[in-house]
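For reference, the structure discussed in these notes is given below.
Throughout, residue positions are numbered sequentially from 1 according to the sequence presented.
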Amino acid sequence: MRGAGIAWREELSAGIIANLDEIEVIELIAERYLDAPRRKLEALRFLAHQRPVWIHATSLGLASSTPVEKKQLERLARLIDAIEPAGWSEHLAFVRGGGREIGHLAAPPRNAATLEGLCRNLELARSITGSLPVMENVASVVDPPFSRWSEAEWLARVADASRVDFLFDLHNLHTNTTNFGEDPDALIDSIPPGRIRLVHLAGGRMINGKSGPRVLDDHRSDVPEPVFELLARVALRPDRFDVIVERDGAFPPVDQLVSEVRRARKICERSYLEGERKVSRPAQRGPESEERYDDPGYEDLLAAIFTDEISLDRFAAEPARELARRGLITEGCESIDIEGLELAAKGFARKRADRAS
């Protein structure tokens, strides 16, 4: 580990400044400062000269067949130039499809069409901002349908195809392994040695579904024990990374967040001193299904499901019919997690309503 710190929020700013002796690194949400006045940018630039600052973008939708919006990248580039951060990050997520804005980060179909779109978008991002982002794994209440690969294989393929480094969000990892029965070690080992640059620690809560409870990643709760346990596992890797404690609401006293920073630092130090160095093993690649799901139309369909109640109801009633109507293959549609799609759609609707209010 290099340093441990807290994600900057205006509600926490005074407490962060008061505890800079304990906070070694800071993260800023890009979208909150794209239109900031010069005085605010100068203050953030000064902060970036006191501690390493990472800019964290949340709305580009790079992991998508849909081209990233050039104007968004240009605004981000101006923010990067103004603040001079240690680097910037984004998510392995899509946020739009078929002309529809989902309103939040959605886990994309893990297929070749998405991977090719990601690589194109990353190259455009690099050409405009001057650097590649560090890419974050995303949490979901639904394992994305129309995927050729498991999440572990997806991360490995992203690493192979793009050469990006990674922001490993351990609550996102905890969420997906709990919800979908993924192997946490396989996910951790899917990223090549030396490619984890940042680690996020956050919290969530359980929500009830018809088929049982699921973890919702809400970033409004304390960091749970399983996430600290995952940090100890990641700290055994030969990576040098910064650790960021994230909180997006229901803010506790800053002292509580600082205590989580201290605990993260101690875990990493203890793992380094006492643990046996781990070398990641390559993710196991499953059998290929020739061109299965390799069509941008699946992203457009998911965007419609996540943003339009009629589209959701039609798909939930007759998945095969809706796929065929769009000229998409129907193979495997009987195993699609309809309940998970409905939970995700409700969550995205709340996000859009919150932004509109």
Side-chain angles (χ1 to χ4, degrees), residues 1-33 36 39-58 83 85-86 89 91 104-105 136 139 167-175 178 198-207 215-232 234-235 241-271 347 350-351 354-355 357:
M1 188 189 76
R2 291 179 300 190
I6 296 175
W8 182 273
R9 302 291 184 267
E10 295 298 330
E11 297 88 343
L12 302 172
S13 57
I16 291 175
I17 294 298
N19 288 276
L20 271 185
D21 57 328
E22 299 235 40
I23 297 170
E24 299 163 319
V25 60
I26 293 169
E27 180 184 81
L28 303 172
I29 296 294
E31 287 75 9
R32 299 183 182 184
Y33 302 102
R39 183 172 296 180
K40 171 69 75 173
L41 294 178
E42 288 173 350
L44 294 175
R45 184 185 183 114
F46 178 78
L47 179 65
H49 290 168
Q50 312 308 307
R51 293 290 184 274
V53 166
W54 286 86
I55 291 179
H56 190 48
T58 63
I83 295 178
S89 61
H91 300 78
H104 196 55
L105 303 161
E136 178 180 353
L167 189 174
F168 217 25
D169 188 305
L170 297 185
H171 192 267
N172 291 354
L173 171 63
H174 167 65
T175 297
T178 302
L198 287 168
V199 166
H200 275 177
L201 306 180
R205 60 187 175 88
M206 301 301 294
I207 59 173
V215 180
L216 177 68
D217 178 64
D218 66 2
H219 283 47
R220 298 171 62 89
S221 308
D222 299 341
V223 179
E225 286 300 315
V227 171
F228 283 117
E229 293 168 5
L230 288 169
L231 177 61
V234 172
F241 53 81
D242 291 326
V243 177
I244 301 287
V245 174
E246 283 192 301
R247 194 72 169 239
D248 288 341
F251 297 107
V254 170
D255 287 349
Q256 181 176 327
L257 298 178
V258 171
S259 70
E260 292 180 335
V261 170
R262 290 195 199 107
R263 184 175 179 187
R265 186 181 294 117
K266 289 180 180 178
I267 287 171
C268 290
E269 290 172 351
R270 184 167 61 248
S271 292
R350 285 193 296 269
K351 291 288 186 181
D354 289 345
R355 292 186 178 187
S357 62

Taking all non-hydrogen atoms of both residues, which atom of [X] and which atom of [Y] are closest, and how far apart?
X	Y	value
R9	I16	N-CD1, 4.5 Å
D169	E136	OD2-OE2, 2.9 Å
I55	A30	CG2-CB, 3.5 Å
G203	P224	CA-CD, 4.0 Å
V227	V223	CG1-CG1, 3.7 Å
L12	P252	CD2-O, 4.3 Å

Worksheet item: Given the rule in the ring-ring contact (aromatic ring centres under 6.0 Å, His included) test, do H200 and H219 qualify, once you have shown the distances and angles that lead to the verdict?
Response: CA-CA 11 Å; H200 275 177; H219 283 47; 7.1 Å; no
Give a yes or no on whether the backbone of [Y] and the side-chain of [X] come within a donor-acceptor separation of less than 3.5 Å.
X	Y	answer
R247	L257	no
R265	C268	no
T175	V215	no
E24	A4	yes

Worksheet item: Can a cation-pi geometry be assigned to R263 and F228, taking NZ or CZ under 6.0 Å from the six-membered ring centre and within 45° of the ring axis?
Response: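 Yes - R263 lies over the ring of F228, closer than 6.0 Å to its centre and within 45° of its axis.
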Fill in: side chain to side chain donor-acceptor pair (under 3.5 Å) pairs, two or more places apart, involving residues 249-260
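Qualifying pairs: D222-Q256.
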Any chance you could measure [X], atom [atom1], to [Y], atom [atom2], to the nearest 0.5 Å?
X	Y	atom1	atom2	answer
I26	L47	CD1	CG	4.0 Å
I23	R51	CD1	CZ	8.5 Å
L170	L231	CG	CG	6.0 Å
M206	T178	CE	OG1	7.0 Å
R262	I267	CZ	CD1	14.0 Å

Can you name the residues that form a salt bridge (Lys or Arg N to Asp or Glu O under 4.0 Å) with [X], not counting sequence neighbours?
X	result
R2	D242
R205	D218
E11	none

Tell me, do [X] and [Y] make a side-chain contact under 4.5 Å, heavy atoms counted?
X	Y	answer
I17	W8	yes
I244	H56	no
D354	H104	no

Discussion item. Any carboxylate oxygen within less than 4.0 angstrom of a Lys/Arg side-chain nitrogen, looking at R32 and E10?
Written reply: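 Salt bridge flag = no for E10 with R32.
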Practice prompt. Check V258, V254, I6, V261 against E22 for a side chain to side chain contact (heavy atoms under 4.5 Å, CB included) and give me the one that passes.
Written response: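 Result for side chain to side chain contact (heavy atoms under 4.5 Å, CB included) with E22: V258.
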Worksheet item: Would E31 and T58 count as having a side-chain donor-acceptor pair, cut-off 3.5 Å?
Response: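 Side chains of E31 and T58: pair found under 3.5 Å.
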Item to complete: Just jot down the ring pair (Phe, Tyr, Trp, His ring centres under 6.0 Å) partners of H171, sequence neighbours excluded, or say none.
Response: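 H171 satisfies ring pair (Phe, Tyr, Trp, His ring centres under 6.0 Å) with H174 only.
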Item to complete: Could you pull out all residues at least two apart from N19 that satisfy side chain to side chain donor-acceptor pair (under 3.5 Å)?
Response: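 In terms of side chain to side chain donor-acceptor pair (under 3.5 Å), with neighbours along the sequence ignored, N19 is linked to no residue.
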